[in-house]
Amino acid sequence: VAGAGLWWTNRSDGGPPPVAWQFETGSALASRPAVADGVLVIGASVTNSVHGIDAADGKGKWRYTAGGTVDTTASIADGVAFIGSHDGALYAFNIQTGDVVWKTPVGAKVTGSTTVVGDLVVVGTGDGSTWAVNRADGSVEWTARTGTQMINSTPVTTVRDGEQLIVIGSTDGSLYFLDPAT
């Protein structure tokens, strides 16, 4: 097949599937959408904004303008979205209303996407640090030096000898295994 496009189809006439809805953020999107409880949350980099969008009809529910680029992916737990910004802050938003639950400074621009690990929100920053904050109130539980360069990977969890560990990577080529409790 000649051409520059690639189409997936689920229609009997062979045409492209119809678009259910489209939402314009007015900005480049560099993060993956996160969806829970019927709300899609996404960061927009040029406008430094976070959007809450009704996943059923594509209508905007709320918008928050942060102090810097928002190009990381949110994590959502219990109706709260956690996302970082290049303004050096980690934010928690009520996904239904867009109200800021808390905002916590993390020392450097947030370059990694967040992960919820139990009662913690874990994220990497541009100075090579990993931060763990309490997801209820945003208080800093711990921070660890995890690289000589920026942390732009998303933390994941694994189990070793029955113990849960957080794994995060640095642009210096290293993987770090961290105990969520310490």
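The model shown is predicted, which means the values in this text are computed figures rather than measured ones. Count residues from 1 along the sequence.
Residues K103 and P105 approach most closely at O-CD, 4.0 Å, considering heavy atoms. Of all heavy-atom pairs spanning G126 and A108, the tightest one is N-CB, 4.2 Å. In this structure, W102 and V133 approach most closely via the heavy-atom pair CH2-CG2, 3.6 Å. Here the shortest heavy-atom pairing between Q149 and D172 reads OE1-N, 3.6 Å.
Transitive grouping of hydrophobic side chains (ILVMFWY, heavy atoms separated by less than 4.5 Å) keeps Y91 and V110 in distinct clusters. Both V116 and W131 are members of a single hydrophobic cluster when ILVMFWY side chains are connected at heavy-atom separations under 4.5 Å. Taking hydrophobic clusters as Ile, Leu, Val, Met, Phe, Trp and Tyr residues chained together by side-chain heavy-atom distances below 4.5 Å, V100 shares a cluster with V50. In terms of hydrophobic clustering, with Ile, Leu, Val, Met, Phe, Trp and Tyr side chains grouped at heavy-atom distances under 4.5 Å, Y176 and L120 are assigned to a common cluster. I76 is connected to I83 through a chain of hydrophobic side-chain contacts under 4.5 Å among Ile, Leu, Val, Met, Phe, Trp and Tyr, so both are in one cluster.
Side chain of D179 to main chain of A181: a donor-acceptor pair is present (N/O by atom type, distance under 3.5 Å, no hydrogens or angles). Looking at S113, its side chain never comes within 3.5 Å of a backbone N or O of T154 through a donor-acceptor pair. For the pair D161 (side chain) and E163 (backbone), a donor-acceptor distance under 3.5 Å is absent. A donor-acceptor contact shorter than 3.5 Å links the side chain of T114 to the backbone of S75. One N or O on the side chain of N48 and one on the backbone of T69 form a donor-acceptor pair closer than 3.5 Å.
Between the side chains of D99 and T97, a donor-acceptor pair is found at a separation under 3.5 Å.
Expressed to the nearest 0.5 Å, how far CG of L40 lies from CG of D54 amounts to 9.5 Å. We find the OG1-CG distance between T104 and D137 to be 7.5 Å, quoted to the nearest 0.5 Å. In this structure, the separation between CG on D87 and NZ on K109 is 12.0 Å, given to the nearest 0.5 Å. Between the OG1 atom of T146 and the CD1 atom of I168 there is a distance of 5.5 Å, given to the nearest 0.5 Å.
Around CZ of R32, the count of heavy atoms belonging to other residues, nucleotides or ligands within 6.0 Å does not exceed 12.
Partners of V117 under the side chain to side chain contact (heavy atoms under 4.5 Å, CB included) rule, at least two apart in sequence or in another chain, are T115, V122, T157, Q164, I166, P180. The side chain to side chain contact (heavy atoms under 4.5 Å, CB included) check on D78 picks up R135, with sequence neighbours excluded.
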Legend entry - Derivation of the side chain to side chain contact (heavy atoms under 4.5 Å, CB included) call for F82 and V123: CA-CA 10 Å; F82 307 97; V123 70; over 6 Å; no

Legend entry - Steps toward side chain to side chain contact (heavy atoms under 4.5 Å, CB included) verdict (D71, S31): CA-CA 5 Å; D71 61 3; S31 67; 5.6 Å; no

Inset, instruction - Would you sort out whether V70 and S85 count as a side chain to side chain contact (heavy atoms under 4.5 Å, CB included), showing the intermediate values? - result: CA-CA 5 Å; V70 183; S85 170; 4.1 Å; yes

Pairs of donor and acceptor atoms involving the side chains of residues 58-68, under 3.5 Å and at least two apart or interchain, shall be tabulated with distances.
{"unit_1": "K61", "atom_1": "NZ", "unit_2": "Q96", "atom_2": "OE1", "d": "3.4"}
{"unit_1": "W62", "atom_1": "NE1", "unit_2": "I95", "atom_2": "O", "d": "2.8"}

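At a threshold of 4.5 Å between non-hydrogen side-chain atoms, the residues F93 and V80 do not count as touching. A 4.5 Å side-chain heavy-atom check between W142 and L178 finds at least one atom pair inside the cut-off.
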